[in-house]
Trainee: 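Handing you a structure now.
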There are 2 protein chains.
Amino acid sequence: MASSKERILDSFENILIRDGERAATMESVAAAADVSKGGLLYHFPSKEALVDALGERLLALSARDRELMAADPDGAARYYVRTSVYEDSALDRALVAMARLAQQGHPKAQQNFARIQAFWLEALEAALGSHTVARAVKLMGDGLYYEAAFFAGSGANQQSTAEMEQLLELVDLLQSSDRGGS
Amino acid sequence: MASSKERILDSFENILIRDGERAATMESVAAAADVSKGGLLYHFPSKEALVDALGERLLALSARDRELMAADPDGAARYYVRTSVYEDSALDRALVAMARLAQQGHPKAQQNFARIQAFWLEALEAALGSHTVARAVKLMGDGLYYEAAFFAGSGANQQSTAEMEQLLELVDLLQSSDRGGS
DNA sequence: TTTACTGTACCGGCTGGACGGTATAGTATC
DNA sequence: GATACTATACCGTCCAGCCGGTACAGTAAA
């Protein structure tokens with residue numbers, strides 16, 4: 001079994017994703033992690049500490065993801081869109097959980113978010129060589145993530161492989177159009 | 001001055017957009033609408049009633065928007081992407097406000113949302129004749145909206161006209177690619 | 001034209017419950 | 001004896017919803 005700290009953070013994520021920020025109370029997180037409230041407070045002295053820890057986890061996961069994106073043999077654009085469907089990966093989960101907090105107006109969550117979005121856009125621009133194409137590709141991926149953020153909680157958002165392949169061909173088309181755009 | 005009922009609903013929207021669901025308490029909504037708490041409760045007997053009223057407003061606005069989309073001389077695809085940048089229109093505001101509620105796990109808000117999304121996708125498919133292209137176009141617009149949902153509150157999300165035009169040209173490209181896709 | 005009454009719009013205090021955080025006493029393991 | 005907890009009681013704050021009351025416009029019989 002994972003350490004209590006990890007389990008608590010996982011539970012925090014879970015509840016944020018499934019039930020929203022409001023439901024993610026200290027007590028419900030503790031209960032979900034099978035820890036007493038006192039136990040939770042022992043590891044995370046405040047709710048803010050919980051959010052900070054989630055932020056660090058997210059930052060680390062997204063940095064690793066950008067490396068994978070840059071190195072993907074299929075290309076960064078395809079990688080970004082392909083991995084934007086919600087697959088319940090560690091990154092997906094941390095991202096959607098943080099989205100819940102950001103939507104709630106949480107300042108640190110919003111900053112985390114804005115920073116990560118900017119990093120991704122830069123990485124796409126660097127890989128694709130065009131600001132506009134990078135933007136279009138990022139928007140498509142973001143649209144996918146946006147669906148995830150709404151429906152990850154309840155209701156499977158199944159995307160067929162065939163459908164995804166057709167979408168990826170359109171991504172190829174966008175890339176091929178690059179005739180020295182800014 | 002608009003009727004108290006409209007003013008209350010506008011204030012509810014405002015606070016949801018600017019400060020998130022958590023901040024949209026009955027008291028703060030009443031204060032923003034320049035009405036006492038009792039006065040608010042007179043018009044909307046519960047918070048649920050406020051959400052329902054917002055849902056009706058959103059449904060009406062989105063239905064009107066789909067008509068405009070179908071009739072736009074520039075084409076539905078361009079219309080959808082073009083109008084997806086946040087411009088603080090009545091529809092934008094109602095949509096982002098409802099998004100805040102949906103993200104919070106509010107069941108009715110999620111249903112409202114899912115229904116409207118489906119309508120838009122259908123409308124795009126009908127206009128573009130291709131499921132895949134409609135999906136790609138919708139994702140790009142949704143990506144734009146998703147940015148709006150995060151940054152509409154604080155921080156201008158300015159999109160230059162030139163940048164938008166380049167994006168729209170990519171939308172044209174997607175449409176022109178339609179070779180009898182599903 | 002005064003009196004009695006009705007309906008609409010609204011005010012603001014109160015209550016009960018939930019939540020974040022504190023405190024503390026006790027337990028089990030290394 | 002230090003670490004990693006459990007269990008429980010408690011405090012202050014915030015919030016939804018309730019409730020008693022006010023203000024006022026209309027109306028209609030006496």
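Please read these numbers as outputs of a predicted model, since none were measured by experiment. Just so we're on the same page: letters track the sequence lines, and every chain starts at 1.
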Trainee: Write out all pairs satisfying side-chain hydrogen bond (donor to acceptor under 3.5 Å, both in side chains) with one or both partners inside residues 53-66 of chain B, taking only residues at least two apart or from two chains.
Mentor: Glu6(B)-Arg57(B), Asp10(B)-Arg57(B), Glu13(B)-Arg57(B), Ser62(B)-Arg66(B), Asp65(B)-Tyr79(B), Asp65(B)-Trp120(B)
Trainee: Expressed as a whole number of angstroms, how long is the span from Arg7(A):CZ to dA4(D):P?
Mentor: 14 Å
Trainee: What is the first contacted nucleotide of DNA chain C and what is the last, in 5' to 3' order, if contact means an atom lying under 4.0 angstrom from a heavy atom of chain A?
Mentor: dC19(C) to dT22(C)
Trainee: Encode nucleotides 11-24 of chain D as B, S and - characters from 5' to 3', where the letter depends on protein heavy atoms closer than 4.0 Å: B to the base, S only to sugar-phosphate, - to neither.
Mentor: ----SBB-------
Trainee: Mind jotting down which residue pairs meet the salt bridge (Lys or Arg N to Asp or Glu O under 4.0 Å) criterion with at least one end in residues 110-129 of chain B? Sequence neighbours excluded, please.
Mentor: none
Trainee: Sequence neighbours left out, what passes side-chain contact (heavy atoms from CB on, under 4.5 Å) with Ala31(B)? Give chain and number order.
Mentor: none
Trainee: With Lys5(A) as the cation and Phe44(A) as the aromatic partner, state whether NZ or CZ is under 6.0 Å from the six-membered ring centre and within 45° of the axis.
Mentor: yes
Trainee: Quick one: list whatever passes salt bridge (Lys or Arg N to Asp or Glu O under 4.0 Å) with Glu165(B), sequence neighbours left out.
Mentor: Arg78(B)
Trainee: dT8(D) phosphate, OP1 or OP2: any side-chain N/O from Ser36(A) under 4.0 angstrom?
Mentor: no
Trainee: Among pairs that include at least one residue of residues 4-32 of chain B, which meet ring-ring contact (aromatic ring centres under 6.0 Å, His included), considering only residues two or more places apart or in two chains?
Mentor: none
Trainee: List the residues meeting salt bridge (Lys or Arg N to Asp or Glu O under 4.0 Å) with Lys108(A), not counting sequence neighbours, and say none if there are none.
Mentor: Glu48(A), Asp52(A)
Trainee: Strictly by salt bridge (Lys or Arg N to Asp or Glu O under 4.0 Å), give each pair with a member in residues 34-46 of chain B just once, sequence neighbours left out.
Mentor: Glu27(B)-Lys37(B)
